[in-house]
Amino acid sequence: MRVVVAGAGAVGRSIARELLAHGHEVTLVERLPSRMLTDQVAGADWVLGDACEMPTLREIRTDECDVMVAATGDDKANLVVSLLAKTEFGVPRTVARVNNPKNEWMFDEAWGVDVAVSTPRIMTAMVEEAVSVGELVKIFTFHQSGADIREITLPEDSPLVGRLVGQIPWPHDTVLACVVRDARPLIPSPDDVLEGRDELLLVTGRDADEAALERVLTGRGPS
C-alpha cells in the first residue's frame, strides 16, 4: 500500500515508521527544511514542499496513493490536504489529525475526511481508561459511518467474567473486535472465556444502545 504522510513533525514521523515496519511504501511531505530529518525515517521518500499546494501534490503522485494522512499541527492545513486529496486526486482513503478538539465537527466527508483522529481526545480517553476500570470509554468516531470504537477494562465482578464470548447477548449494532490480555491483543472467538482485567475493544454503530451495552458489560445502568 502506498501512503503519503503530510507533515513530518514528531507525529508524522512516528506514523511513517509504523507504516514502514508493516511493509508499506511511505512518502513524507514537509514544508519546513528544519524538519527534513531524513535519517530518522530512512526508509521513506522525503519531499520538501507544501502539501496544501497542487504542484506539490502532483509531484508526489497523489493520484497513485492509497491513503493520504494529513498529520500536520495545523487543523486548517489538514482539512485542505484532505479535501484536495479526495476531490482533486481521488485518493480512496484520507485520515486527518485533529489538533484542537473544538474543530472536530469540521472533519467530515464534506472536507474529504474519511477518518478523523483527535490526539487530545484519544489521550484523554487513555487517561480515563487507565484510572477507571469498569468504565466504558469512547476512543474515537469514524465520521463517515458514525461508528464508534469503545474500550472497557472488565472489573473482576463483571457479569461477563467466566463467560464464553459466543454466549454473550451483545446489543444490536455492537461487535467485539479485540480482547487485550496481559498486553497481548487477541482475536475473540466464540469459545474464548473472558477474564477480569481483560480490555475489550468494541465497535458500535450509529444506532447502538449504549445503556444496553453498559448493562451487558457491568450489570449496571438503567433498565
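These numbers come from the heavy atoms of this one structure, side chains and all, not from hydrogens, waters or symmetry mates. All values reported here derive from a predicted model rather than from experimental measurement.
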Within this structure, what is the [atom1]-[atom2] distance for the pair [X] and [Y], rounded to the nearest 0.5 Å?
| X | Y | atom1 | atom2 | result |
| --- | --- | --- | --- | --- |
| L48 | L28 | CG | CG | 12.0 Å |
| C178 | R184 | SG | CZ | 11.0 Å |
| R215 | E210 | CZ | CD | 11.5 Å |
| D63 | F89 | CG | CZ | 7.0 Å |
| K76 | W111 | NZ | CH2 | 11.0 Å |
| H172 | D209 | NE2 | CG | 10.0 Å |

(request) Applying side-chain contact (heavy atoms from CB on, under 4.5 Å), run through L217 and L160 and close with a yes or a no. (result) CA-CA 6 Å; L217 294 169; L160 298 189; 3.6 Å; yes
Is [X] linked to [Y] within one hydrophobic cluster, defined over Ile, Leu, Val, Met, Phe, Trp and Tyr using a side-chain heavy-atom separation of less than 4.5 Å?
| X | Y | value |
| --- | --- | --- |
| F107 | L83 | yes |
| I187 | V165 | no |
| L136 | L176 | yes |
| I15 | V95 | yes |
| M1 | V115 | yes |

Looking at side-chain heavy atoms only, is the closest gap between [X] and [Y] below 4.5 Å?
| X | Y | answer |
| --- | --- | --- |
| I168 | V216 | yes |
| V47 | T27 | yes |
| D74 | N99 | no |
| T204 | L213 | yes |

For [X] versus [Y], what's the shortest heavy-atom pair and its separation?
| X | Y | answer |
| --- | --- | --- |
| T174 | A208 | OG1-CB, 4.1 Å |
| P155 | V161 | O-CG2, 3.6 Å |
| R93 | D114 | CA-OD2, 3.2 Å |
| G196 | E156 | CA-OE1, 3.7 Å |
| V98 | A116 | CG2-CB, 3.9 Å |
| P188 | V179 | CB-CG2, 4.1 Å |

Donor-acceptor contact below 3.5 Å, side chain [X] vs main chain [Y]:
| X | Y | value |
| --- | --- | --- |
| S82 | T94 | no |
| K86 | V113 | no |
| E53 | P55 | no |
| S158 | L154 | no |
| R31 | D50 | no |

(request) Might you work through the salt bridge (charged side-chain N to carboxylate O under 4.0 Å, His left out) test for R150 and D148, ending with a clear yes or no? (result) CA-CA 6 Å; R150 300 174 184 270; D148 296 318; 3.2 Å; yes
(request) Before giving the answer on side chain to side chain donor-acceptor pair (under 3.5 Å), spell out for T72 and N78 the whole-Å C-alpha distance, their side-chain angles and the decisive distance to 0.1 Å. (result) CA-CA 6 Å; T72 80; N78 290 340; 2.7 Å; yes
(request) Could you give me the CA-CA distance, side-chain angles and deciding distance for R197 and D182, then say whether salt bridge (charged side-chain N to carboxylate O under 4.0 Å, His left out) is met? (result) CA-CA 9 Å; R197 308 295 297 192; D182 298 327; over 6 Å; no
(message) Checking V29 against W46 for the side-chain contact (heavy atoms from CB on, under 4.5 Å) test, could you report, in this order, the C-alpha distance in whole Å, the side-chain angles of both residues, the deciding distance, and whether it holds?
(response) CA-CA 6 Å; V29 186; W46 286 75; over 6 Å; no
(request) Any chance you could lay out the side-chain contact (heavy atoms from CB on, under 4.5 Å) test for L200 and L194, step after step, and finish with the verdict? (result) CA-CA 9 Å; L200 308 186; L194 295 180; 4.0 Å; yes
(request) May I have the step-by-step check of side-chain contact (heavy atoms from CB on, under 4.5 Å) for V69 and V3, ending in yes or no? (result) CA-CA 7 Å; V69 180; V3 184; 3.8 Å; yes
(message) Which residues pass the side-chain contact (heavy atoms from CB on, under 4.5 Å) test with E25, not counting sequence neighbours?
(response) R2, D45, R61
(message) Quick one about D75 and N103 (side-chain donor to acceptor, distance below 3.5 Å, no hydrogens or angles considered), yes or no?
(response)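 Yes, side-chain donor-acceptor contact under 3.5 Å.
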(message) Can you tell whether the side chains of E199 and R181 come within less than 4.0 Å, N to carboxylate O?
(response) no
